[in-house]
2 protein chains.
Amino acid sequence: MSTQEELRTIALAEFAAAGYGATSLQRIAELAGVSKSSVLYHFASKEHLLEAAIGPAIDRMQDVLAPLEGAGLLEGDRTAFLEAFVDFLLQYRLEVNMFINQGPSLVDVPVIERANALVRRLAGFFSANSDSLEEKMRFGIALGGAAYMLCTVQTFGLPEEPGTLDETRAVLITILSDLLAPVSATTALG
Amino acid sequence: MSTQEELRTIALAEFAAAGYGATSLQRIAELAGVSKSSVLYHFASKEHLLEAAIGPAIDRMQDVLAPLEGAGLLEGDRTAFLEAFVDFLLQYRLEVNMFINQGPSLVDVPVIERANALVRRLAGFFSANSDSLEEKMRFGIALGGAAYMLCTVQTFGLPEEPGTLDETRAVLITILSDLLAPVSATTALG
DNA sequence: TCAGACCCTGTCCGATCGGTCAGTTTGCCA
DNA sequence: TGGCAAACTGACCGATCGGACAGGGTCTGA
């Protein structure tokens, strides 16, 4: 693994565990066995390093959540969406962890703000006052709860997987489908 | 409101919104219209200010989650527990928001670590490998999802309440009861 | 009137932060 | 072997942080 890739990996782990602000370039350099100057050679600034660390995950997140926008989530697509969503959570656990924990406080970082804007729209979806409060809250609890639970498990250094990855995936999809069952098809992000 | 109470209120809001590390004593002082020295007069240190800001909420959190420990959550008590849990979330939204977002990264702060230890035990509950992975994940999604959803709604400055407070409370309890319905009574934290 | 508690302030300090810059090492290719 | 570009480094900078400290108002009770 090149120094650049190693720095990216270390930075992601540290940002997710200790926080972006609480992680100094000095510490990242030490963990990688290089100097702080070397970090700034590969990444022009701390913010660039953050962008490199979580940018790809946020791109993917936007793709996964895209179907929720506009016309809404059709009944037939729901299973496909949940599968894509759960796969995304499991594949990018560190990045999701970091975004969940620190997204709200890193509002001035473009790459974070891009994801924040998306979450803000989704949050508006289940927070706006309307007739079907329950449906919206079911949606929020399903998506937010799944993400938060996986991150909490990871953050606190508990056993890497609650069951095998495949079992986790299947159970998670089952629960989310169950939770969203009472939600009518075309309500999403109307 | 006394200066001390005002500082506590401002600190809580800022810590929750921008993060503990990202909030300087200088900024808190400015928002309160006093000097930084005055802040340090009322609270011996930044950490003491944090303790004053969220300590009471964490005490309450321990009380609310206490029934989950030991013998487990009996069937008859579940509704009472969910009511207490939801009431806690709604009453201490700012504090819960801050704890969810920054608890994992503030491991060296005693008042935070006290709550982290509790969450760590709860997380272990639904992450440990066992026969009833689904039940444990249902539990984690219910508790974590409800907390995270409310925090997200608040963090992003959306309408203060998704519906009236009473309606939110009732709907939330309904959804969580529904989600936990398949969970047998005595599995919790065995 | 005055002593003391309380509240508040400006000034200063060491530490640490992200970032700049000039210079050195390393590896590859002609 | 010589040269050049990429990789890397130590020294240094301004800014900001949490905190220490001495002192100045203000009020109250003796």
Side-chain angles (χ1 to χ4, degrees), chain A residues 1-55 98-99 101-113, chain B residues 1-55 98-99 101-113:
Chain A
M1 188 158 52
S2 72
T3 299
Q4 190 161 354
E5 290 170 344
E6 193 177 349
L7 286 173
R8 200 201 79 96
T9 302
I10 291 174
L12 173 59
E14 283 297 301
F15 288 162
Y20 177 69
T23 301
S24 67
L25 295 179
Q26 178 65 36
R27 167 153 180 82
I28 293 173
E30 285 172 0
L31 290 173
V34 298
S35 70
K36 188 184 72 172
S37 300
S38 188
V39 177
L40 287 166
Y41 167 78
H42 287 287
F43 303 93
S45 68
K46 190 182 182 183
E47 197 169 304
H48 280 81
L49 178 55
L50 174 64
E51 167 97 33
I54 67 167
M98 190 196 163
F99 174 73
N101 286 344
Q102 302 164 68
S105 60
L106 296 179
V107 289
D108 51 349
V109 182
V111 66
I112 298 274
E113 185 51 28
Chain B
M1 187 159 51
S2 71
T3 299
Q4 189 161 356
E5 290 169 347
E6 194 177 349
L7 286 172
R8 201 202 79 97
T9 303
I10 290 174
L12 173 59
E14 283 297 300
F15 288 162
Y20 177 69
T23 301
S24 66
L25 295 179
Q26 178 65 38
R27 168 151 180 83
I28 293 173
E30 284 172 2
L31 290 173
V34 298
S35 69
K36 188 182 72 172
S37 300
S38 188
V39 178
L40 286 166
Y41 167 78
H42 287 288
F43 304 93
S45 68
K46 191 181 182 184
E47 198 170 303
H48 279 82
L49 178 54
L50 173 65
E51 167 98 30
I54 66 167
M98 189 195 163
F99 174 72
N101 286 345
Q102 302 164 66
S105 61
L106 296 178
V107 289
D108 51 348
V109 182
V111 67
I112 298 276
E113 185 52 26

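Proteins come first, then strands; the chains are lettered A, B, ... in the order of their sequence lines, and each starts at number 1. Remember, it's a predicted structure, so these values are computed and weren't measured experimentally.
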Under 4.0 Å between a side-chain N or O of B/H42 and OP1 or OP2 of C/dC8?
-> yes

Does A/S45 put a side-chain nitrogen or oxygen below 4.0 Å from OP1 or OP2 of C/dG18?
-> no

Testing C/dT20, C/dT9, C/dG18 for proximity to the side chain of A/K36, the answer is C/dG18

From the list C/dC8, C/dG18, C/dC21, which nucleotide is the closest neighbour of the side chain of B/T3?
-> C/dC8

Just the rounded figure in Å: distance from [atom2] of [N] to [atom1] of [X].
X	N	atom1	atom2	value
A/F43	C/dT20	CZ	P	16 Å
A/L40	C/dA22	CG	C1'	15 Å
B/Q26	C/dT11	CD	P	13 Å
A/Y41	C/dT24	OH	C1'	14 Å
A/K46	C/dT20	NZ	C1'	17 Å

Nearest non-hydrogen partners of [X] and [Y], listed with the distance:
X	Y	answer
B/L49	B/L7	CD1-O, 4.3 Å
B/A18	A/S105	O-CB, 3.1 Å
A/M1	A/E6	CG-N, 3.8 Å
A/A29	A/V39	CB-CG2, 3.8 Å
B/V34	B/T3	CG1-CG2, 4.3 Å

Using atom types as modelled and distance alone, determine if a side-chain donor or acceptor of A/Q102 lies under 3.5 Å from a backbone N or O of A/Y20.
-> yes

Sidechain-backbone polar pair: B/K46 side chain, B/T23 backbone, donor-acceptor under 3.5 Å | yes

Going 5' to 3' along DNA chain D, which nucleotides are the first and last within contact of chain B (any atom under 4.0 Å from a heavy atom)?
-> D/dC17 to D/dA20

What is the nucleic acid contact for [X], judged by heavy atoms within less than 4.0 Å: base, sugar-phosphate only, or nothing?
X	value
A/S38	base
B/S35	base
B/T23	sugar-phosphate
B/L25	sugar-phosphate

